[in-house]
Amino acid sequence: MSVSKSRSRRCVLVADDDRDIRRGLQLRLCTAGYTVVEAKNGREALELARRNRPDVILMDIRMPELDGLTAMKRLQEAPETASIPVIVMSASLIEQDRAMDCGAVAFIGKPHNGRELMALVDKFTGTRN
């Protein structure tokens, strides 16, 4: 799914290997007026971030093929994706410091608080829904 840069809706890339989490976030974000692109692992997240240039990325840490921390490092190394803010979502709260050291702009635990998550997405997309 490719999203035009002339879009009026903000785009969020959701990278999580749990299909139910992706679908739940997609429903919440679309209802709030966001366009959503989904990735089921870190490799897909990198490819979709380069192709779609989302306004913000919601990234799980533990995913197959390429973990979220490594994906974040690679996003920061590429000029075309380095400025995209990444909000890390993880059930492992001990990963918070590592996530922030890798460049995350925020960390939210799983299960996440929907209002807190939406407030973060709104903050880093510059949107007030």
Side-chain angles (χ1 to χ4, degrees):
M1 171 182 183
S2 185
V3 179
S4 167
K5 285 306 281 180
S6 64
R7 67 186 182 269
S8 60
R9 292 170 53 130
R10 298 291 188 162
C11 180
V12 178
L13 170 57
V14 175
D16 198 302
D17 59 326
D18 186 314
R19 183 178 185 264
D20 291 336
I21 290 174
R22 288 194 317 270
R23 296 296 177 198
L25 288 169
Q26 178 189 37
L27 178 61
R28 179 179 289 278
L29 291 161
C30 287
T31 299
Y34 289 97
T35 297
V36 178
V37 179
E38 296 179 28
K40 64 181 179 260
N41 59 55
R43 288 196 197 290
E44 280 188 5
L46 290 174
E47 177 185 326
L48 292 171
R50 288 181 187 121
R51 188 181 326 150
N52 294 282
R53 306 282 173 86
D55 297 290
V56 70
I57 298 172
L58 300 177
M59 181 84 72
D60 186 19
I61 291 178
R62 295 184 180 156
M63 293 185 288
E65 294 188 39
L66 187 68
D67 66 89
L69 297 177
T70 303
M72 283 185 0
K73 289 177 187 175
R74 291 185 184 172
L75 287 167
Q76 289 184 342
E77 291 169 356
E80 67 272 17
T81 57
S83 65
I84 301 171
V86 178
I87 300 169
V88 170
M89 310 175 299
S90 180
S92 177
L93 297 177
I94 61 172
E95 299 285 359
Q96 183 171 3
D97 289 340
R98 287 183 59 211
M100 300 308 283
D101 289 345
C102 288
V105 295
F107 181 95
I108 189 163
K110 285 182 182 176
H112 62 271
N113 174 303
R115 288 185 183 158
E116 182 182 354
L117 180 69
M118 290 307 299
L120 287 170
V121 170
D122 289 347
K123 175 182 177 180
F124 290 105
T125 61
T127 304
R128 298 289 172 237
N129 292 326

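- For Thr125, the side chain to side chain donor-acceptor pair (under 3.5 Å) criterion is met by Tyr34, Thr127, not counting sequence neighbours.
- Exactly one of Ile87, Ile57, Val12 qualifies for a side chain to side chain contact (heavy atoms under 4.5 Å, CB included) with Phe124. That residue is Ile87.
- Note on residues 76-87: pairs passing salt bridge (Lys or Arg N to Asp or Glu O under 4.0 Å), not counting sequence neighbours, are Arg50-Glu80.
- Taking every heavy atom of both residues into account, Met118 and Ala32 meet most closely at CE-CB, 3.5 Å.
- Every residue meeting the side chain to side chain donor-acceptor pair (under 3.5 Å) condition with Arg62, not counting sequence neighbours, appears here in chain and number order: Glu95.
- The side-chain heavy atoms of Ile108 and Leu58, taken from C-beta on, include no pair separated by under 4.5 Å.
- Residues meeting the salt bridge (Lys or Arg N to Asp or Glu O under 4.0 Å) test with Glu116, sequence neighbours left out: none.
- Applying the side chain to side chain contact (heavy atoms under 4.5 Å, CB included) rule to Ala91 yields the partners Lys110; only residues at least two apart in sequence or on another chain are considered.
- The side chain to side chain donor-acceptor pair (under 3.5 Å) test applied to Asn41 returns Glu65, not counting sequence neighbours.
- Scanning for side chain to side chain contact (heavy atoms under 4.5 Å, CB included) contacts around Leu66 gives Arg43, Leu46, Thr70, Ala71, Arg74, with sequence neighbours left out.
- Under the rule for a side chain to side chain donor-acceptor pair (under 3.5 Å), Gln76 has no partner lying at least two apart in sequence or in another chain.
- For Arg23, the salt bridge (Lys or Arg N to Asp or Glu O under 4.0 Å) partners at least two apart in sequence or on another chain are Glu38.
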